[in-house]
Protein chains: 2
Amino acid sequence: MFTHSEENYLKTIYHLELDSKKGISTNAIAKSLATKASSVTDMVKKLSEKEVVVYKKYKGVTLTAFGKKTAANIVRKHRLWEVFLVEKLNFSWDEVHEVAEQLEHIKSPKLINQLDAFLSFPTHDPHGDPIPDKDGNLKTIEKSLLSTLQKNESGICVGVDDSSSEFLQFLDKKGIVLGKKIAVLEKEEFDDSLLIVIEDKKLSISNKIANNLYIKK
Amino acid sequence: MFTHSEENYLKTIYHLELDSKKGISTNAIAKSLATKASSVTDMVKKLSEKEVVVYKKYKGVTLTAFGKKTAANIVRKHRLWEVFLVEKLNFSWDEVHEVAEQLEHIKSPKLINQLDAFLSFPTHDPHGDPIPDKDGNLKTIEKSLLSTLQKNESGICVGVDDSSSEFLQFLDKKGIVLGKKIAVLEKEEFDDSLLIVIEDKKLSISNKIANNLYIKK
DNA sequence: TAAAATTTTTAGGTTAGTCTAAAAATTATT
DNA sequence: AATAATTTTTAGACTAACCTAAAAATTTTA
């Protein structure tokens with residue numbers, strides 16, 4: 001069994017490993033968890049004793065297979081709870097993160113399996129992120145940033161890179177919703193802004209926005 | 001805000017106060033929480049600084065109005081989650097306690113209000129215990145122990161005094177379910193056992209069982 | 001490649017929540 | 001009411017998870 005805090009470290013390392021492949025530095029972990037590198041060193045030693053990470057002084061950490069599975073299970077719980085909150089309890093997608101952050105630590109295999117079934121085995125959370133299966137595997141669909149689309153190309157909006165409530169509320173305001181088709185009418189050379197059409201409405205969106213929206217071609 | 005541990009103390013004192021009315025001794029709290037009296041003394045001092053209990057050395061503790069409301073809210077969460085687990089996730093009534101014990105600490109007013117609505121504002125948990133309202137008030141219906149019924153009297157089964165999974169599984173096995181009518185056909189002088197009829201089935205039950213079942217006349 | 005800058009670890013300290021053992025207060029017994 | 005038994009508190013210690021400041025290792029830069 002893992003403590004609340006150990007689980008948070010595992011989850012963080014898991015996320016950091018997804019886009020780096022190399023050993024994760026204590027500094028990177030500290031930044032993600034808003035803690036100090038010295039605290040990370042302490043915890044990482046403990047995690048390495050528990051065989052969930054491999055740690056060599058000054059060389060960063062990597063998850064073991066066991067660690068990866070454990071971490072994926074926490075992410076699984078987090079994302080299933082997010083689906084529950086949105087689908088069943090009428091939360092909006094910008095409100096679910098903090099609550100799921102707490103719910104992900106509830107320990108009960110039956111609970112999470114029943115929840116999964118109750119939600120009809122969802123594959124993605126409200127932000128379009130994939131939900132790991134019971135074995136910790138996640139099938140990643142190939143998605144692209146909206147900013148990579150060229151003029152007259154289009155795709156289905158399938159996810160966000162930034163899940164901050166500010167960004168999500170901005171998308172709500174603009175009527176940008178997951179599952180909808182987005183077509184690029186114009187691409188401005190000058191600032192890489194896009195003129196898009198979604199649900200028959202034309203919108204001009206900045207490159208910053210387009211860099212945080214995933215579409216499936 | 002209260003820590004996990006502080007919440008457990010509050011809940012325990014709340015439950016103990018329900019059937020004692022006097023100040024709750026550190027020993028009684030220690031026994032309930034499976035901890036040591038010295039630990040309780042420490043915690044009780046902290047809780048008294050936070051104004052949720054009144055504590056006089058050697059005199060036990062009592063909850064303040066604020067403490068009572070805080071504790072009732074934890075009990076409210078615990079019982080709503082139990083309803084959720086049974087009604088929505090197909091848990092049986094003997095499996096819910098440990099999970100609810102964790103879920104009751106999740107902090108999100110919106111979550112609990114939405115859950116309440118999602119469950120159609122239940123008034124009782126799966127064991128027949130009343131669910132405190134948002135202000136911490138609970139309306140106690142007058143219920144009696146089955147053991148107090150006389151020959152030829154009857155009532156509706158509305159709750160259990162012992163919520164241990166052993167007892168609950170025993171009731172399942174015997175077909176004793178909340179909401180069903182129980183009639184006393186015979187009362188044995190010798191050992192106070194009862195011959196009852198429930199759902200057209202005759203059952204002989206011991207006084208110990210009858211002392212742990214509540215009925216509404 | 002040597003000095004400078006940065007990162008990481010170590011050493012030592014803090015707080016929350018627990019414990020044991022001993023001291024103090026209360027309650028029960030004779 | 002004095003003594004015995006019990007309960008409660010105090011004192012001192014432990015662990016987990018954090019912190020700061022300094023030392024050590026690594027990486028960058030000139």
Side-chain angles (χ1 to χ4, degrees), chain A residues 1-14 16-17 20-63 67 70-71 74 101-102 104-107, chain B residues 1-14 16-17 20-63 67 70-71 74 101-102 104-107:
Chain A
M1 265 317 104
F2 296 93
T3 67
H4 208 101
S5 183
E6 287 169 344
E7 290 192 345
N8 284 333
Y9 274 88
L10 282 174
K11 192 182 45 158
T12 296
I13 297 166
Y14 177 84
L16 290 172
E17 266 193 359
S20 82
K21 259 65 185 171
K22 303 153 204 162
I24 309 302
S25 72
T26 46
N27 245 10
I29 297 168
K31 196 182 290 175
S32 275
L33 285 170
T35 184
K36 298 297 147 100
S38 53
S39 306
V40 175
T41 302
D42 283 352
M43 181 57 95
V44 144
K45 282 179 184 169
K46 203 194 331 173
L47 291 175
S48 124
E49 259 158 42
K50 287 195 170 189
E51 319 248 289
V52 280
V53 303
V54 174
Y55 166 61
K56 284 269 157 57
K57 273 188 194 178
Y58 296 102
K59 300 298 175 194
V61 293
T62 46
L63 291 171
T70 305
I74 301 163
E101 205 72 5
Q102 299 178 61
E104 72 189 5
H105 299 293
I106 303 293
K107 282 161 185 70
Chain B
M1 263 317 101
F2 296 93
T3 67
H4 207 102
S5 184
E6 288 169 344
E7 289 192 345
N8 284 334
Y9 275 88
L10 282 174
K11 192 181 48 157
T12 296
I13 298 167
Y14 177 83
L16 290 173
E17 268 194 357
S20 81
K21 257 66 182 170
K22 303 154 202 161
I24 308 302
S25 72
T26 47
N27 244 9
I29 298 168
K31 196 180 291 177
S32 274
L33 285 169
T35 184
K36 296 298 147 100
S38 54
S39 306
V40 175
T41 302
D42 283 353
M43 181 56 95
V44 143
K45 282 178 184 169
K46 202 192 335 168
L47 291 176
S48 124
E49 258 158 42
K50 288 195 169 187
E51 320 248 288
V52 279
V53 302
V54 173
Y55 166 61
K56 284 270 159 54
K57 271 188 195 177
Y58 297 100
K59 299 297 174 194
V61 293
T62 45
L63 291 170
T70 304
I74 301 163
E101 205 72 3
Q102 299 177 61
E104 71 189 4
H105 299 293
I106 304 293
K107 283 161 183 72

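Chain letters run A, B, ... following the sequence lines, proteins first and then strands; every chain starts at 1.
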Applying side chain to side chain contact (heavy atoms under 4.5 Å, CB included) to B:F2 and B:I74, what does each step give before you reach the verdict?
CA-CA 11 Å; B:F2 296 93; B:I74 301 163; over 6 Å; no
Measure CD1/A:I29 against P/C:dT7 and give the value in whole Å, please.
15 Å
What nucleic acid atoms does A:S5 come within less than 4.0 Å of, heavy atoms only: base, sugar-phosphate, or nothing?
sugar-phosphate
Short side-chain N/O contact to D:dT9 OP1/OP2 from B:Y55, under 4.0 Å
yes
Winner on side-chain proximity to B:D42, out of D:dT9, C:dT18, C:dT8, is C:dT18
Between A:H105 and A:N8, is the side chain to side chain contact (heavy atoms under 4.5 Å, CB included) condition met? List the steps.
CA-CA 9 Å; A:H105 299 293; A:N8 284 333; 3.1 Å; yes
How many Å lie between NZ on A:K59 and P on D:dA25, as a whole number?
12 Å
For D:dA16, does OP1 or OP2 lie under 4.0 Å from any side-chain N or O of A:Y9?
no
Which is true for A:S38 with a 4.0 Å heavy-atom rule: it touches a base, it touches only sugar-phosphate, or it touches nothing?
base
Considering only C:dC19, C:dT9, D:dC18, which nucleotide approaches the side chain of A:Y58 most closely?
C:dT9
Any B:K57 side-chain nitrogen or oxygen under 4.0 Å from OP1 or OP2 of D:dT8
no
Whether A:E17 side chain and A:L63 backbone form a donor-acceptor pair below 3.5 Å
yes
So, do B:Y9 and B:V40 sit near enough that their side-chain heavy atoms are less than 4.5 Å apart?
yes
Report the nucleotide, chosen from C:dT10, D:dT8, C:dT18, that has the shortest atom-to-atom distance to any side-chain atom of B:S25.
D:dT8
Whole-Å distance separating the CG atom of B:N27 from the P atom of C:dA24:
20 Å
Under-4.0 Å side-chain N/O to phosphate OP1/OP2 contact, A:S39 with D:dC19:
yes
When we call it a touch if two heavy atoms are under 4.0 Å apart, what does B:T26 touch: a base, just sugar-phosphate, or nothing?
sugar-phosphate
Looking only at side-chain N and O atoms, does A:K36 come under 4.0 Å of OP1 or OP2 in D:dA21?
no
